[in-house]
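Let me begin by presenting the structure, written as structure tokens, before commenting on it.
All chains are named by letter (A, B, ...) in the order of the sequence lines, taking the proteins before the strands, and each is independently numbered beginning at 1.
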Amino acid sequence: MIENRYHPAEVEPRIYKAWEDAGAFRAGRPERAKAQPYCIVIPPPNVTGSLHMGHALNNTLQDILCRFERMRGKDVLWQPGTDHAGIATQAVVERQLMERQQPSSRAMGREAFIKRVWEWKAESGDTIIRQLKRLGASCDWSRERFTMDEGLSRAVVKVFVALYRAGLIYKDKRLVNWDPSLKTAISDLEVHQVETRGQLWHIKYPIEGSGGFVVVATTRPETMLGDVAVAVHPENEKLRHLIGKTAVLPLVGRRMPIIADTYADPEKGTGAVKITPAHDFNDFEVGRRHNLRLVNIFDDEAALDLKDNADFLEGVPPSAQLDRTLALHGFDRLAARKKIVERLEAAGLIDKIEQTLHVVPQGDRSGAVLEPFLTDQWYVEAKTMARPAIEAVRERKTVFVPPQWEATFFNWMENIQPWCISRQIWWGHQIPAWYGPDGKIFVAETEDDVVAEALAHYTDIEEISPDEGDDIASDPERRARFARDYLHRDDDVLDTWFSSALWPFSTLGWPDHTPELKRYYPTSALVTGFDIIFFWVARMMMMGLHFMQQERPGAALEKVVPFHTVYIHALVRDAAGAKMSKSKGNVIDPLEMIDEYGADALRFTLAAMAAQGRDIKLSAQRVEGYRNFATKLWNAARFAEINGCAHDPDFSAHEAKETLNRWIIHETAKAGREVTAAIEAYKFNEAAGAIYRFVWNVYCDWYLELVKPVLTGPDGAAKKETRAAAAWALDEILRLLHPFMPFVTEELWRVSAERGPQRRHLLALDTWPSHDGLDDEAAEAEIGWVVDLITAIRSVRVEMNIPAATPLPLVLAGASPQTVERTRRWSEFVQRLARLSDISFADAVPKGALQLVVRGDVAALPLAGIIDLAAERARLTKELAKCDADIARVEQKLNNADFVKRAPEDVVEGEREKRDEALARKQKIIEALQRLKESE
RNA sequence: GGGCGGUUAGCUCAGUGGGAGAGCACUUCCUUGACAUGGAAGGGGUCACAGGUUCAAAUCCUGUACCGCCCA
């Protein structure tokens, strides 16, 4: 028995358990061994994470696709898992240590700290997984993976070594984006350029032997300590006479050449720029062109590092001012800036200070101001690897939906820079590189391989005697000690996105040749937000194309893309369009929405709002609205049950006889086609809209209302068929709605079968409707007439202020035989829904009656003495005006010879029909007005 | 500076060449035996602006304005 309220909080956990108990989400179910595979890999949420609205949208859309394809009979694998999220997770655990006043990571040491992170992961790492289940995600949880699993780590090492050997991973000393708060390098993508109000200091640098100055402008005066030159544009009329002279760096005394370089834009600042190759990306390039020294003046926390800094001191004569500058050793960059500006001012070397807007690089994790910093890091040669990825998208082997994202993809890929993959943190995949005492690098998949290579090298150059080498090689313990003590493993770990880039194949078991890899790769679709196209999608394309190949009969191995379709969805914003953020306090928590309105309501809201290419402005009110939709459906099912509508095995939609039933079958088929086509096109909003309208505005508003007389009437063939048809249509609704609202539909699927024959499957495993051959235009025309008649009567009632409770008689005047026949068939239905006392026929319209024109018939409500004749005349006149406007518009078209000549035949024909209809209607209205006049 | 997107009802937004739509909000009415988390009816729009293409433009093209995002 269906309760009179739907309680999502009670139902959802029970339903989810039923799915899991039945293994409904398991890939490779035996009965689907021959089915077409369908695979989506989840964008792995961070283990630190908890479900936010972006996850809710992302996973709702994936779940819709997976449930849809599963019902279409495919063998679906939705591959779940989590990401170790190096920097983010390390930060969480470090913060926890601090809060609990426990030893810091540095204090406890690398091994103990990593152990600690694993403990934390074991304890709280599955929070997000539990939350995804609450959303209803139909992942195959038996295959859950973690980017630092043994298997996935093996894939990481294998890829690193292979790319290293191919020359596509290399180590290089160059400027990187350095985060001084996290004390690690980060990649270009993790840098945000933030426009900031600041000051532009114009500093006078004395020119040697002239008593004059060259003025340079900078927003970062403290970096002057690392200056090695001043540059002037070679065609700068005003300043080019300085080229070749020598400037002397204030506060330090370093002699610096004034060089010619086009980088010094004559229009900007003073036209002369200070060159600090160790602390600015542009200056680094200038320095390279002019073979300048690099003077690094910061330590890894961006504090001044001057004492015993040979680069800083080189060529600088001792002086009192130098000593005062050296006293700034250890000052943070901002404190140093203040001191340096003070001293320059005191020395009269500040020409002026301007207010300015400039961009400051910030780390996306820490928010810290980043420093260009000269370090050794590992890089992926992305340019080479990008080429096949670009080609694959050009050749449409991978398709972006919506397609405009391809431009973004190309734009970035064609200008791609080397990818810095090493991070100076501990939580992550430690780089499989070892260094010998001579600096020689050994990279291999296992420590034993490294030891073997190293021994070969060091015996070869006679650092180690062959005998000793043999001894080490033959003893596991000595090998380990050799690797640890003689060699030294790189301390750094890989960028989190390195392992994520392998996700589509590493989760399927690569590098092993697993059956899953063979069956589910390449995956079908990838669903993600545009913010990680570069971070993730592009890199999966690069890695996938490099490592994955497919055998094709009679052909060479072919490189294969990791996914056929990339669906890019929008960002979820708050109701005002602002990005949700904790600091703004405008976050709508998906779990709160689920608690309050149910997971189905949240899911449906997100799907209904997921129009391609537009952000979602979410509000609780919308969720509430779709909760009401779930309630509506629930009550429709309850109504069906109360009226004995149950699945009837004898019923066949193709053989229904009753017009009303043929009509709802026709409408169901139409809705089914719409929903199917929309999901196939990734138009989730259209699919949601189609099923919503069908359930509410067709099935509930009209069908259930119309069949009430049948269901409450005498038993018989019509009643039997109607009960079966109502149940049939409801079942089809449950199927079509299931991908969007899995919980309430599954529950109704179960409950509604309590009185009929048992269901063969859970709804999640049942079949997607196909409705071929169920269209019925005749039924549509007939019920359309009934609907129009009822609507017209209701309209006029309200318009003429006739109380709803007053039953009215209806007279059909001069009705056609078809109308008489239809009226006879539907009088009971029309009387009920239009609240009529009775329906009769007459040759002429009675005097003083309200007159309605419905599809060419005149329906009259005789209310002589009751109706306000003036109001009725006004109403009819207004209708006439509307009719005239229609006619005018259509005739304007039809009188245009070019239109008749050039527009498609069916369009012209359609306009003619419209005109004829409108003219006939106009005639009836004129007649009605005439009669009204006569009755006055 | 380069690129992308947006501008349609009071609000949030659908709508890819042929009669301007939805949800919410608003107004009026209704305890009609599934549902008031509901039902019925209704008001409300120069589709940002200016040109162009076309028999026909919210829709295609060009430009302008404003808003947003990405990249440098």
Exercise. So, for A:Tyr692 and A:Trp696, is the gap between ring centers shorter than 6.0 Å?
Worked result: yes
Problem set entry | Nearest listed nucleotide, side chain of A:Arg627, among B:C24, B:U37, B:G18 | B:U37
Problem set entry | Counter-base of B:G23, judged by Watson-Crick or G-U geometry with both distances under 3.5 Å | B:C11
For this session: Nearest whole angstrom, please: distance from the P of B:G5 to the CZ of A:Phe409.
Result: 18 Å
Exercise. At under 4.0 Å between heavy atoms, what does A:Thr791 touch on the DNA or RNA strands: base, sugar-phosphate, or nothing?
Worked result: sugar-phosphate
Exercise. Any side-chain N or O of A:Trp634 under 4.0 Å from OP1/OP2 of B:U37?
Worked result: no
Exercise. Starting at CG of A:Asn801 and ending at C1' of B:A40, how long is that distance when rounded to a whole Å?
Worked result: 14 Å
Exercise. How is A:Asn685 classified with respect to the nucleic acid when contacts are heavy atoms under 4.0 Å: base, sugar-phosphate, or nothing?
Worked result: sugar-phosphate
Problem set entry | Greater than 12 external heavy atoms within 6.0 Å of A:Arg750's CZ | yes
Problem set entry | Side-chain donor-acceptor contact under 3.5 Å, A:Asn635 with A:Tyr6 | no
For this session: Take atom P in B:A14 and the same atom in B:A22, then report the distance between them in whole Å.
Result: 16 Å
Exercise. NA contact type, A:Arg5, heavy-atom cut-off 4.0 Å: base, sugar-phosphate, or nothing?
Worked result: base
Exercise. B:C69, B:A34, B:G15: which one has an atom nearest the side-chain heavy atoms of A:Phe530?
Worked result: B:C69
For this session: Please determine if A:Lys708 and A:Glu828 form a salt bridge, counting it only when a charged side-chain N lies under 4.0 Å from a carboxylate O.
Result: no
For this session: Ignoring backbone atoms, test whether A:Asn628 places a side-chain nitrogen or oxygen under 4.0 Å from the OP1 or OP2 oxygen of B:C35.
Result: no
Exercise. Side chain of A:Pro904: nearest nucleotide among B:G19, B:G18, B:A34?
Worked result: B:G18
For this session: Could you tell me whether A:Lys914 contacts a base, only the sugar-phosphate backbone, or nothing, with contacts defined as non-hydrogen atoms closer than 4.0 Å?
Result: base
Problem set entry | Carboxylate-amine/guanidinium proximity below 4.0 Å for A:Asp884 and A:Lys922 | yes
For this session: Just name whichever nucleotide pairs with B:U53, Watson-Crick or G-U, keeping both distances under 3.5 Å, else none.
Result: none
Problem set entry | Inter-nucleotide P distance (B:C47, B:G51), Å rounded | 14 Å
For this session: Give the nucleotide from the list B:A25, B:G15, B:A41 with an atom nearest to the side chain of A:Val798.
Result: B:A41
Exercise. Got a donor-acceptor pair under 3.5 Å from the side chain of A:Glu705 to the base of B:A40?
Worked result: no
Exercise. Quick one: does NZ or CZ of A:Arg539 land under 6.0 Å from the six-membered ring centre of A:Trp419, within 45 degrees of the ring axis?
Worked result: yes
Exercise. Heavy atoms under 4.0 Å, any strand shown: does A:Pro803 hit a base, just sugar-phosphate, or nothing?
Worked result: nothing
Exercise. So which nucleotide does B:G1 pair with, by the Watson-Crick or G-U wobble rule with both distances under 3.5 Å?
Worked result: B:C71
For this session: Taking atom P in both B:G42 and B:U37, compute the distance separating them and give it to the nearest angstrom.
Result: 24 Å
Exercise. With both distances kept under 3.5 Å, what pairs with B:C66, Watson-Crick or G-U wobble?
Worked result: B:G6
For this session: Compare side-chain N and O positions of A:Lys617 against OP1 and OP2 of B:C13 and report whether any pair is under 4.0 Å apart.
Result: yes
For this session: For B:C66 versus B:A57, give the span between their C1' atoms, rounded off to a whole number of Å.
Result: 23 Å
Problem set entry | Closest listed nucleotide, where the reference is the side chain of A:Asn635 and the choices are B:C69, B:C35, B:G19 | B:C35
For this session: Check whether any side-chain nitrogen or oxygen of A:Lys632 sits under 4.0 Å from OP1 or OP2 of B:C35, and answer yes or no.
Result: no
Problem set entry | B:A36 and B:A50, which share atom name P, separated by this distance in whole Å | 50 Å
Problem set entry | Minimum-distance nucleotide (side-chain atoms of A:Ser795 versus B:G23, B:A40, B:G42) | B:G42
Exercise. How is A:Arg794 classified with respect to the nucleic acid when contacts are heavy atoms under 4.0 Å: base, sugar-phosphate, or nothing?
Worked result: sugar-phosphate
Exercise. With a 3.5 Å cut-off and no angle check, do the side chains of A:His569 and A:Asn58 form a donor-acceptor pair?
Worked result: yes
Exercise. Under 4.0 angstrom, heavy atoms only, what part of the nucleic acid is A:Ala611 near: base, sugar-phosphate, or nothing?
Worked result: sugar-phosphate
Exercise. In whole Å, what separates the C1' atom of B:G10 from that of B:G3?
Worked result: 35 Å
Exercise. Considering only side-chain heavy atoms of A:Val907, which listed nucleotide, B:G18, B:G15, B:A34, is closest?
Worked result: B:G18
Exercise. Closest to the A:Arg622 side chain: B:C4, B:G15, B:U12?
Worked result: B:U12
Problem set entry | Any-strand Watson-Crick or G-U partner of B:U31, both distances under 3.5 Å | none
For this session: Tell me whether the OP1 or OP2 atom of B:A34 has a side-chain N or O from A:Lys708 closer than 4.0 Å.
Result: yes
